[in-house]
Every structure is written in C-alpha cells, then in structure tokens.
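Report on the structure given below.
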Amino acid sequence: MNIPPFSRHRRLRRSSTLRELFTETELSLNDLVLPIFVDESATDFVPIKSMPGVFRIPESRLESEIERYARAGIRSVMTFGISRHKDDVGTDTWQQGGLVARMASRIKATAPEIVVMSDTCFCEYTTHGHCGVVNDGIVENDSTLISLGKQAVIAAQAGADVIAPSTAMDGQVAAIRAALDANGLTDTPVFSYSTKFASALYGPFREAAESELQGDRKAYQMNPMNRREAVLESLEDERQGADALMVKPAGAYLDIIRDIREATRLPLGAYQVSGEYAMIKFAAAAGAIDEARVVRESIGAIKRAGADVIFTYFAMDLAQQGL
Ligand code: PBG
Ligand code: ZN
C-alpha cells in the first residue's frame, strides 16, 4: 500500500511537558473578573437556585467575603446590587451613600488592591426592571444617558476603579466620559458592554438580581443573528472614548469576539453569562460532563477567540483550584 505524504502533528503531543510547552493559550487569574451580587437587605447568604454555587452576598458580609476572594487570588470583581430602594428611574444608583456607591467604597476599604468594576445600569434599581427611563412603554435613550452620567460619577467618587455601562443605550460611553471628565474624574476608565446581545442566556441572572422585568430588551440590546452590526457597535464605543470593549454573552459568540479582536487594538473583554454557567453546572450535576475540564475548555476557548479579560462566575472555583 502506498500512503501519500502527511505531517506528524502527534510529535509535539507525546508528553504533558511537550504539550504545555506548545500551548498557545494559557489561563490566568490576572485575566478573570468575578461578578458578585450584593443584597442590601438579606441577613444571610441567599443561594441562587438557577446558579448552583452562586449566592447573593448580604451587604453586612461583603467585607469578609471580599477578604476570602482576595486570599484565594481573585484580582477583580464586578458589582451588581440587589436593591430594596427601587423606583421608576433607579434614583438610588446616583445617591451618595446608595448601594452602588456603598459597594465600591466598602470593597476598596477592605481590599484596595482588588479592581472594582461597577456595573453601570438601572435594571436592578427600577420597579419595571428595564435598563433605563421608561416613557410610554419605551426605554428612552437620551434621558437614560443623563442618569448614566450621574451614576458613573457617584460610583467613581466612591472608589470604583472602572465604570462598566451595560444599559445598551446609544451614546452610553460618550455620556459617561463627559460626566466623569466634568467632575475631574479624567483617569477613571470606561469598560463598555459595547456589543451586548438580547440573549436568552441571561435567564438565571434575572433570578439572581431579582429583576422585575416583564417583556424583553430587544428594543435596545442587539439581535443575536447580526455579525456586522456587532462589530459596528463596538467600534462606535471605541470612537466615543471607551477604554475597553466587551462582547456578551461569550461562548456562543466566539466569532464575534474574533471579529472585534481583529477590528480594534483596544483591550477586549467577554462575559461568560449566567446561562452559560448554569448549563455547565447542571450538566455536570447530572453526571454528563466533567465540570472542571469543561470550565477550563470554555474559558480557554473564549481567550483563544481573542478576549483579554473574561468575566466568569467560575473565577472563584478556578482560584481555589490554584488555576
Ligand atoms: C443588566 C445586566 C444583565 C447582565 C449583566 N448586566 C442582564 C440583562 O441584560 O438582562 C447579564 C449577566 C448574566 O446573565 O450573567 N444590565
Ligand atoms: Zn440593565
């Protein structure tokens, strides 16, 4: 038998040391951000049923929890508040001493070296659960921009290292940049949720954040079927002055991560969202997959696609495993 010529790729896979020597993508805690839910009224940790292993942190336990993360090697967190002070516009988010401000100041006072990213939105603070000001059933873009600027300034003044707007309003970066600069906060970076899809994978987050949302966010978040528009959205936020861009969700959008990686030189983040977490957790609990391996594979794939920073609820598990 005459076999045509072929290459022997197996030569570099013969031992684990060889395989590691030739690894193109490596995970590091430096690149991971742990999203956390801080409940201003809970008296104990509240398990989130659709996200096994994730808890709402009572505000009174925030300091000890942050100390635990820091000891484990977590470098960055993204804060989400569970508010008992909801109204129709989310006023609490721009109150001095409101939950957004308290999360940032308490974390920075506890572990100043931890990077605090303040998720900058309104849906956890509005009675209707939308990400902005609602008028006649429509989420108003430009009035939401005014609120965004106010919230960003309060968060940054309270100590947030990074402002991360997730409202999916047009102009969110420009409005926040202008407000920060007008208040002398010229050195506070904006990490925009620049390409954010109206995804069904946010389901568990709605339970976690106790969102009151009726309906959906399709009038402001992106159509998951659109690839060209996904790049336009991020490039527009770059033009408005974003310091870093983001794709959300991550795992089902690796093509988008790659497209944006090739279209810009800005740092790029990707958010492995609550539904991605839940799918892995429940499949592992059913014995269908090996959780630790699938977690590394999924996060590795997001990095390989081009993400520099990965937001993941698995960050603490990975830290505890010594990554
Ligand atoms: C709200 C917000 C959402 C997430 C992050 N910020 C939910 C949404 O847009 O409906 C999703 C996070 C997740 O699912 O893990 N602005
Ligand atoms: Zn929102």
Side-chain angles (χ1 to χ4, degrees), residues 32-38 48-56 77-83 86 88-90 92-94 99-100 103 117-134 139-141 144-145 147-148 151-152 155 162-170 172-173 176 191-224 233 246-253 269-281 298-299 302 309-316:
L32 301 185
V33 182
L34 175 68
I36 60 171
F37 302 101
V38 181
I48 298 161
K49 282 198 219 56
S50 55
M51 300 177 75
V54 179
F55 296 80
R56 284 195 219 129
V77 297
M78 171 84 95
T79 55
F80 293 96
I82 315 299
S83 174
K86 299 189 185 195
D88 56 350
V89 291
D92 189 60
T93 60
W94 65 83
L99 183 53
V100 168
M103 290 189 291
M117 303 200 189
S118 191
D119 179 84
T120 304
C121 201
F122 303 95
C123 47
E124 300 119 66
Y125 301 86
T126 52
T127 41
H128 46 69
H130 275 295
C131 301
V133 179
V134 177
V139 181
E140 278 187 0
N141 195 83
T144 303
L145 295 184
S147 308
L148 265 175
Q151 181 182 162
V162 176
I163 301 301
S166 63
T167 60
M169 295 300 125
D170 291 329
Q172 63 177 6
V173 174
I176 287 173
F191 198 145
S192 183
Y193 287 72
S194 50
T195 296
K196 180 171 181 181
F197 293 96
S199 172
L201 291 164
Y202 307 149
F205 176 94
R206 305 269 162 91
E207 181 204 342
E210 278 196 346
S211 170
E212 313 287 343
L213 182 70
Q214 309 285 323
D216 59 52
R217 308 199 198 285
K218 291 178 187 169
Y220 43 109
Q221 299 178 351
M222 269 197 62
N223 178 348
E233 281 273 12
M246 195 197 306
V247 175
K248 174 175 172 231
Y253 296 85
Y271 197 139
Q272 184 180 50
V273 301
S274 57
E276 300 176 79
Y277 176 87
M279 290 194 294
I280 293 173
K281 278 285 178 184
S298 66
I299 295 175
I302 293 164
V309 174
I310 298 166
F311 299 78
T312 176
Y313 301 99
F314 289 113
M316 191 53 184

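None of the values given here were measured: they were computed from a predicted structure. Values below: all heavy atoms of this structure, side chains included; hydrogens, waters and symmetry mates excluded. Both ligands and their constituent atoms are indexed starting at 1 by order of listing.
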**Report entry** Donor + acceptor pair across side chains of T167, Q172 (<3.5 Å)
**Finding:** yes

Query raised in the report: Is a side-chain N or O of K196 found less than 3.5 angstrom from the main chain of S166, in a donor-acceptor match?
Result: yes

Query raised in the report: Would you find a donor on one side and an acceptor on the other, under 3.5 Å apart, between the side chain of H128 and the backbone of H130?
Result: yes

Query raised in the report: What are the protein N/O/S atoms, named by residue and atom, that sit under 2.8 Å from the Zn ion (ligand 2)?
Result: C121 SG, C123 SG, C131 SG

**Report entry** ligand 1 atoms in contact with Y271 (distance to a heavy atom under 4.0 Å)
**Finding:** 12 (C), 15 (O)

**Report entry** Side-chain donor/acceptor of Q272 to backbone N/O of Y313, under 3.5 Å
**Finding:** no

Query raised in the report: Do you see a donor-acceptor pair shorter than 3.5 Å between the side chains of T127 and D88?
Result: no

Report summary line: Any heavy atom of L213 under 4.0 Å from ligand 1? The part involved is neither

Query raised in the report: Of all the heavy atoms in Q272, does at least one lie under 4.0 Å from an atom in ligand 1?
Result: no

Query raised in the report: Relative to the heavy atoms of K196, which atoms of ligand 1 are at a distance of less than 4.0 Å?
Result: 1 (C), 2 (C), 3 (C), 6 (N), 8 (C), 9 (O), 16 (N)

Query raised in the report: Is a donor on one side and an acceptor on the other found under 3.5 Å between the side chain of S199 and the backbone of F197?
Result: no

Report summary line: For K248, the ligand 1 atoms with a heavy-atom partner under 4.0 Å come out as 2 (C), 3 (C), 4 (C), 5 (C), 6 (N), 9 (O), 11 (C), 12 (C)

Report summary line: Under 4.0 Å between heavy atoms, the region of C123 that gets near ligand 1 turns out to be side chain

Query raised in the report: Nearest protein heavy-atom contact for atom 14 (O) of ligand 1: which residue, which atom, what distance?
Result: S274 OG, 2.7 Å

Query raised in the report: Out of H130, R206, M78, whose heavy atom is nearest to atom 10 (O) of ligand 1?
Result: R206

Query raised in the report: Are side-chain heavy atoms of F80 and F205 found at a separation under 4.5 Å?
Result: yes

Report task. Could you tell me how the ring of W94 sits relative to the ring of F122: parallel (under 30°), tilted (30 to 60°) or perpendicular (over 60°)? Result -> perpendicular

Requested in this report: Give a yes/no on ligand 1: does Y277 have at least one heavy atom closer than 4.0 angstrom to it?
Outcome: no

Requested in this report: Verify, without hydrogens or angle tests, whether T144 (side chain) and G132 (backbone) share a donor-acceptor contact under 3.5 angstrom.
Outcome: no

Query raised in the report: Out of curiosity, is E276 lining ligand 1, as in a heavy atom under 4.0 Å away?
Result: no

**Report entry** Protein contact of atom 12 (C) of ligand 1 - nearest heavy atom, named by residue and atom, plus distance
**Finding:** F205 CD1, 3.3 Å

Query raised in the report: Can a donor-acceptor pair be found between the side chains of Y220 and N141 at a distance below 3.5 Å?
Result: no

Query raised in the report: Quick one: does R206's side chain have a donor or acceptor within less than 3.5 Å of a partner on L213's backbone?
Result: no

Report task. Considering the heavy atoms of C121, write down every atom of ligand 1 situated less than 4.0 Å from one of them. Result -> 16 (N)

Query raised in the report: Between Q151 (side chain) and C121 (backbone), is there a donor-acceptor pair under 3.5 Å?
Result: yes

Query - Per-atom contacts, ligand 1 versus Y313 - under 4.0 Å to a heavy atom - result: 12 (C), 13 (C), 15 (O)

Report summary line: D119 heavy atoms within 4.0 Å reach ligand 1 at atoms 6 (N)

Report summary line: In ligand 1, the atoms that come under 4.0 Å of a heavy atom of F80 are 5 (C), 6 (N)

Requested in this report: Say whether F122 and ligand 1 are in contact under the criterion: heavy-atom distance to a ligand atom below 4.0 Å.
Outcome: no

Report summary line: With heavy atoms and a 4.0 Å threshold, my read on which part of S166 contacts ligand 1 is both

Report task. Please check if any side-chain donor atom of S194 sits under 3.5 Å from a side-chain acceptor atom of E233, or the reverse. Result -> no

Requested in this report: Could you walk me through whether S50 and E207 pass side chain to side chain donor-acceptor pair (under 3.5 Å), step by step?
Outcome: CA-CA 7 Å; S50 55; E207 181 204 342; 2.5 Å; yes

Query - Nearest non-hydrogen protein atom, atom 8 (C) of ligand 1 - result: R217 NE, 3.4 Å

Requested in this report: Answer yes when E124 and K86 have at least one side-chain N-carboxylate O distance shorter than 4.0 Å, and no when they do not.
Outcome: no

